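Throughout, protein chains are lettered first and strands after them, A, B, ... in sequence-line order, and every chain is numbered starting at 1. Keep in mind that this is a model prediction, so the values were computed, not measured. All heavy atoms count here, side chains included; hydrogens, waters and symmetry mates do not.
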2 protein chains.
Amino acid sequence: MSDDETLPRLGEIGLTNFAPYLMNRIMGRYNAGFRDEMAALGLTTPKARVLASLAVVDGPVIRDLAVYTVTEQSTLSRALDQLATEGLVRREADPQDSRATRIFITDAGRAAFDSLWPHMVEAERNLFRGIPDKDRRAFVATLQQMLANIRKHEF
Amino acid sequence: MSDDETLPRLGEIGLTNFAPYLMNRIMGRYNAGFRDEMAALGLTTPKARVLASLAVVDGPVIRDLAVYTVTEQSTLSRALDQLATEGLVRREADPQDSRATRIFITDAGRAAFDSLWPHMVEAERNLFRGIPDKDRRAFVATLQQMLANIRKHEF
DNA sequence: CAATGATATTTGCAAATGCATGTAAATCTG
DNA sequence: CAGATTTACATGCATTTGCAAATATCATTG
C-alpha cells in the first residue's frame with residue numbers, strides 16, 4: 001500500500017471503467033425507475049427505504065435504521081414523522097433505554113411496501129437482464145465483500 | 001419472462017442479498033467518504049461530478065453532462081452557475097445550435113479536480129480491498145452490462 | 001414559409017436535505 | 001455518586017433539490 005506510484009488519471013481510465021462512477025449512474029437510474037410508483041404512494045426515497053428495511057428487520061432503534069436506510073439521522077427523523085402521521089409506521093419507546101425509540105411497521109405500511117416491491121424486483125431483474133446466474137452470484141458476493149470493507153457498523 | 005410465479009418477499013431474500021440495496025448502501029458510504037475533501041474545495045456532489053466528467057469529456061452540451069453526472073437538469077444548471085462563478089468551468093454557446101451551451105473545464109477547475117481525484121482513487125481501492133483482480137474485472141464487466149441494460153442514452 | 005411541435009436550458013417555488021445544535025437520558029470516572 | 005462524556009433523537013435554519021412552467025431556438029410539415 002505504499003503510494004509513490006503515480007495515480008492513473010481519470011481521463012485515462014475512462015469513466016466507464018471506474019466502478020464507483022458506474023455504480024452511481026446505475027443506481028441513479030434504478031432509483032429513479034420507480035419514483036412514479038413511490039410518488040403515487042406518497043413515498044420519497046428515504047420513506048420507501050424505511051418500509052423496505054422494516055420489511056426485513058422490524059422494530060430497530062432509529063440509529064440502526066439510519067444505517068440500513070443509508071439516510072442522515074435528521075432526514076430519517078423527519079421521514080419517520082411523516083410515516084407515523086400517515087400511519088405506515090409506529091414509534092415505540094424502548095423499554096430498556098428511554099432515550100431510544102424503536103420503529104415498527106404497521107399493516108398499512110406493509111401494504112404500501114407490498115405494492116412497491118414488485119416494481120423493485122422488476123427493476124432489479126431488468127438490471128441483471130442477460131447476465132448469467134453464475135456472474136450474478138459472483139457480483140453479489142463482491143458487493144458483500146465491498147460492504148464489509150467499508151461499513152463502520154457490525155451489520 | 002412470464003410472471004405468474006410468486007415474487008420472493010424481501011424478508012426472504014434478505015437485504016444483503018438484494019443487489020440494489022447493497023449498491024445503494026455502498027455508494028452512500030463511498031460518496032460520503034470524501035465529502036469533507038469536497039467541502040474544503042467548496043464542492044457538492046453534483047459539482048464534483050461535473051468536474052470529474054469534464055476531466056474525461058470536455059465541452060459537452062448540458063443535457064449530455066446531465067447524463068454523465070446523473071444529475072437533474074435543473075440541479076445541474078444551478079451547479080454550473082456556481083462553478084462558473086467560481087471560475088472552475090466556462091459556459092460557451094454552441095455555434096451550431098444557439099439553444100445549446102457547451103461546458104468547458106478551466107485550469108482552476110482541473111486543479112480542483114486533481115486535488116480531489118486521489119481521494120476518489122483511494123476510496124475506490126478501499127472498496128476493492130482483498131478482492132482478487134479477476135473478480136474485480138468481472139465485477140466491472142457486469143456493471144457495464146447493467147448500464148447497457150438500463151441506459152436510455154447512447155453513451 | 002407560417003404554424004405546430006420538439007429540444008435546450010433556466011427559473012419559480014414548495015419541499016427535502018444536512019449541518020449544527022438542543023434536549024434528555026445513559027454511562028463513565030475519579 | 002457528582003460531574004463530565006457519550007449516546008439517542010429532534011429541530012432550527014440555510015441551502016439544495018426537483019418538479020413544473022417559462023423562454024428561446026430549432027425542426028417538421030402541410
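- Nearest-nucleotide assignment on DNA chain C puts the 5′-proximal partner with B/Ile62, out of B/Ile62 and A/Thr45.
- Rounded to whole angstrom, the span from the CG atom of A/Asp81 across to the P atom of C/dA16 amounts to 12 Å.
- Residue-to-nucleotide contacts include no donor-acceptor pair under 3.5 Å from the side chain of B/Ser98 to the base of D/dC26.
- The residue among A/Thr75 and A/Ala100 whose nearest nucleotide of DNA chain D is located toward the 5' end is A/Ala100.
- Side-chain to base pairing of A/Ser74 with C/dC19: one donor and one acceptor N or O lie within less than 3.5 Å of each other.
- Of the candidate nucleotides C/dT9, D/dA20, C/dA20, C/dT9 has the atom lying nearest to any side-chain atom of B/Thr101.
- By the 4.0 Å N-to-carboxylate-O rule, B/Asp114 lies too far from B/Arg110 to be salt-bridged with it.
- Across every non-hydrogen atom of A/Gly87 and A/Thr106, the tightest pair is O-OG1, 2.6 Å.
- Between A/Leu54 and the options A/Thr69, A/Ile105, A/Leu83, a side-chain contact (heavy atoms from CB on, under 4.5 Å) holds for only A/Ile105.
- To the nearest angstrom, P of C/dC28 lies 12 Å from CG of A/Asp97.
- Closest to the side chain of B/Arg91, out of C/dT17, D/dT17, C/dT10, is C/dT10.
- Taking every heavy atom of both residues into account, A/Ile150 and B/Asn126 meet most closely at CG2-ND2, 3.8 Å.
- Salt bridge annotation for A/Glu37-A/Arg35: absent, with no cationic side-chain nitrogen under 4.0 angstrom from a carboxylate oxygen.
- Both B/Gln82 and A/Arg35 sit near DNA chain D, but only B/Gln82 has its closest nucleotide nearer the 5' end.
- Salt bridge present: A/Arg136 and A/Glu124 bring a charged side-chain N and a carboxylate O closer than 4.0 Å.
- Residue A/Phe139 is tested with B/Leu22, B/Thr142, B/Asp135 for a side-chain contact (heavy atoms from CB on, under 4.5 Å); the sole match is B/Thr142.
- Taking atom CG of residue A/Asp94 and atom C1' of nucleotide D/dC9, one finds them 13 Å apart after rounding to whole Å.
- Between the side chain of A/Arg78 and the base of C/dG18 there is at least one donor-acceptor pair of N/O atoms closer than 3.5 Å.
- Look at CG on B/Leu65: it is 14 Å from P on C/dA8, rounded to the nearest Å.
- As a whole-Å value, the separation of B/Glu72 CD from C/dT10 P is 14 Å.
- Between A/Arg99 and C/dA24 there is no side-chain polar atom (N or O) within less than 4.0 angstrom of OP1 or OP2.
- Aromatic ring centres of B/Phe18 and A/Trp117: separated by under 6.0 Å.
- Among the protein residues, B/Arg102 comes within range of no part of the nucleic acid, since none of its heavy atoms lies under 4.0 Å from any strand.
- OP1 and OP2 of C/dT11 both lie 4.0 Å or more from every side-chain N or O belonging to B/Gln73.
- Across the protein-nucleic acid pair, A/Leu76 atom CG and D/dA8 atom P stand 13 Å apart, rounded to whole Å.
- Between the C1' atom of D/dT15 and the CE atom of B/Met38 lies a distance of 15 Å, rounded to the nearest Å.
- The rotation axes computed at either terminus of the helix from C/dC1-D/dG30 to C/dG30-D/dC1 lie 30° apart, taking five pairs at each end and rounding to 10 degrees.
- When rounded to the nearest whole Å, the span between CZ of B/Arg63 and C1' of C/dT10 equals 16 Å.
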